[in-house]
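As the structure lists them, so they are numbered: ligands from 1, and atoms in each ligand from 1.
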Amino acid sequence: MAAQINPSILSADFSRLADEAQAVAGADWLHVDVMDNHFVPNLTLGVPVVESLARATGTPLDCHLMIEAPDRWAPQYVEAGAGSVTFHVEAAAAPVRLAREIRAKGARASMALRPATPIEPYEDLLPELDMLLIMTVEPGFGGQAFLDIMLPKIRRTREMISKHGLDLWLQVDGGVSASTIEQCADAGADVFVAGSAVYGAQDPAEAVRALRNQAEAATGKASWACDH
Ligand SMILES: O=C(CO)[C@H](O)[C@H](O)COP(=O)(O)O
Ligand SMILES: [Fe+2]
């Protein structure tokens, strides 16, 4: 699969969301950070905004739920029009049941790990998922510095995906930029969320293209991709 770039609207102008989505129309997905001020110490947006955004843009929505009780709320984001819904395993009561429900409702099911959450206990759950998100910052805010101590976890996850022959996307989120995206691609990530690196750029569409080119060049040289 080619590298995918998902701009995060957390770094966009919230009073002009439809225009900001249009500004990155060449992106693969639009990353929508939902925060409830309980799971993380920040508050962003919810189901009604996702519903409006889904109507306003042709770019599929990748909803990252940083909320308590995702078992209760995640299905509503599928109904609101999200093409992919990510819940945090630390907050989910029944992650397998929830992933199955998201898929049954017609969206891609994805599970996120905070930086301190290991992948190993969840190896058996991977076939239930369409994407795994490894956070490369502590969730809650855009513009934070990339945690390079997450690179071994990305590598180990990519090895698990290969070992089991899974068709599972591996997303990284937090501090992904021109200076860090190549390390992520080399370690095994294939879906890259970028907020400040896209919306902080003079030309967001060009930033998406440049990041994608960098990621694809690094993937081309990576040993994990050569094995395929
Ligand atoms: O989930 C997130 C924060 O919790 C955001 O998606 C992420 O931080 C994107 O912003 P940036 O690329 O500026 O780090
Ligand atoms: Fe996010």
Side-chain angles (χ1 to χ4, degrees), residues 3-14 17 20-21 23-24 27-46 49-50 53 59-68 70 73-74 77 82-92 107-117 130-151 153-154 169-185 189-202 204-205 207-208 210-212 214-215:
Q4 300 189 61
I5 307 296
N6 301 8
S8 164
I9 56 157
L10 187 59
S11 300
D13 177 349
F14 272 34
L17 280 184
E20 295 281 66
V24 294
D28 299 281
W29 296 78
L30 203 57
H31 184 82
V32 180
D33 288 304
V34 177
M35 305 186 188
D36 67 351
N37 202 29
H38 291 274
F39 183 71
V40 289
N42 198 1
L43 187 66
T44 55
L45 50 86
V49 175
V50 169
L53 201 52
T59 310
L61 302 184
D62 159 33
C63 284
H64 176 194
L65 306 183
M66 285 161 276
I67 60 172
E68 298 288 1
W73 293 105
Y77 286 86
S84 174
V85 176
T86 301
F87 59 87
H88 269 265
V89 70
E90 303 89 353
R108 295 178 60 87
S110 163
M111 191 173 86
L113 308 182
R114 297 182 83 126
T117 305
D130 297 297
M131 183 167 78
L132 187 91
L133 164 54
I134 294 186
M135 291 301 299
T136 42
V137 297
E138 207 49 72
F141 301 92
Q144 302 181 75
F146 178 76
L147 291 174
D148 59 3
I149 55 167
M150 291 298 105
L151 290 167
K153 182 156 86 178
I154 299 168
W169 296 353
L170 182 50
Q171 184 178 62
V172 283
D173 182 11
V176 176
S177 69
S179 18
T180 57
I181 197 165
E182 291 173 4
Q183 300 168 71
C184 296
D190 54 10
V191 184
F192 306 86
V193 176
S196 40
V198 169
Y199 282 107
Q202 281 265 315
V208 169
L211 286 169
R212 192 186 284 119
Q214 263 190 293

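Of all protein heavy atoms, the one closest to atom 9 (C) of ligand 1 is Asp173 OD1, 3.5 Å. Counting only heavy atoms of the protein, atom 14 (O) of ligand 1 lies nearest to Gly175 N, 2.9 Å. When hydrogens are left out, the protein atom nearest atom 13 (O) of ligand 1 is Ser196 OG, 2.5 Å; that is the closest non-hydrogen contact. Protein heavy atom in closest approach to atom 4 (O) of ligand 1: Gly140 N, 2.8 Å. The protein heavy-atom contact nearest to atom 12 (O) of ligand 1 is Gly195 N, 2.8 Å.
Among the heteroatoms counted here (N, O or S) of His64, ND1 is the one nearest to the Fe ion (ligand 2). With respect to the Fe ion (ligand 2), Asp33 has OD1 as its nearest N, O or S atom. With respect to the Fe ion (ligand 2), Asp173 has OD2 as its nearest N, O or S atom.
If you number the atoms of ligand 1 from 1 as listed, the ones under 4.0 Å from a heavy atom of Gly174 come out as 14 (O). The ligand atoms of ligand 1 that sit less than 4.0 angstrom from a heavy atom of His31 are 6 (O). Close contacts between ligand 1 and Asp33 involve ligand atoms 1 (O), 2 (C), 5 (C), 6 (O) [criterion: under 4.0 Å to a heavy atom]. Using a 4.0 Å cut-off to heavy atoms of Gly143, the atoms of ligand 1 that qualify are 11 (P), 13 (O), 14 (O). Counting the atoms of ligand 1 from 1 in the order shown, those under 4.0 Å from a heavy atom of Pro139 are 4 (O).
With respect to Gln171, the side chain to side chain donor-acceptor pair (under 3.5 Å) criterion is satisfied by exactly one of Thr136, Thr86, Asp62: Asp62.
Side-chain atoms of Asn42 do not come within 3.5 Å of backbone N or O of Asn37 as any donor-acceptor pair. For Asp28 (side chain) and Ile5 (main-chain N/O), a donor-acceptor pair under 3.5 Å exists by modelled atom type. Between the side chain of Lys153 and the backbone N or O of Thr117 there is at least one donor-acceptor pair closer than 3.5 Å. In this structure, the side chain of Gln144 does not engage the main chain of Val137 through any donor-acceptor pair within 3.5 Å. Panel note: side chain Thr180, backbone Gly175; a donor-acceptor pair is recorded below 3.5 Å.
A heavy-atom separation below 4.0 Å is not found between Ala197 and ligand 1.
Considering both main-chain and side-chain atoms, Val193 never comes within under 3.5 Å of ligand 1 through any nitrogen or oxygen pair. Considering both main-chain and side-chain atoms, Val176 never comes within under 3.5 Å of ligand 1 through any nitrogen or oxygen pair. For the pair His64 and ligand 1, the shortest N or O to N or O distance falls below 3.5 Å. When only interatomic distances are considered, the shortest N/O to N/O separation between Phe141 and ligand 1 falls below 3.5 Å.
Relative to atom 10 (O) of ligand 1, the option among Gly142, Ser177, Ala194 with the closest non-hydrogen atom is Gly142.
For the pair Arg108 and Trp169, the cation-pi criterion (under 6.0 Å, within 45° of the ring axis) is fulfilled. In this structure, Arg114 is positioned above the aromatic face of Phe39, its NZ or CZ under 6.0 Å from the six-membered ring centre and within 45° of the axis.
Smallest separation of non-hydrogen atoms from Gly174 and Phe146: O-CD1, 3.5 Å. The nearest pair of heavy atoms linking Pro115 to Pro139 is CD-CD, 4.0 Å. Nearest heavy-atom pair, Ala112 versus His64, reported as atom, atom and distance to 0.1 Å: CB-NE2, 4.4 Å.
Counting only N and O atoms by type, the side chains of Ser8 and Asp33 include a donor and acceptor under 3.5 Å apart.
Of the heavy atoms in Ser8, only side-chain atoms (C-beta onward) come closer than 4.0 Å to ligand 1.
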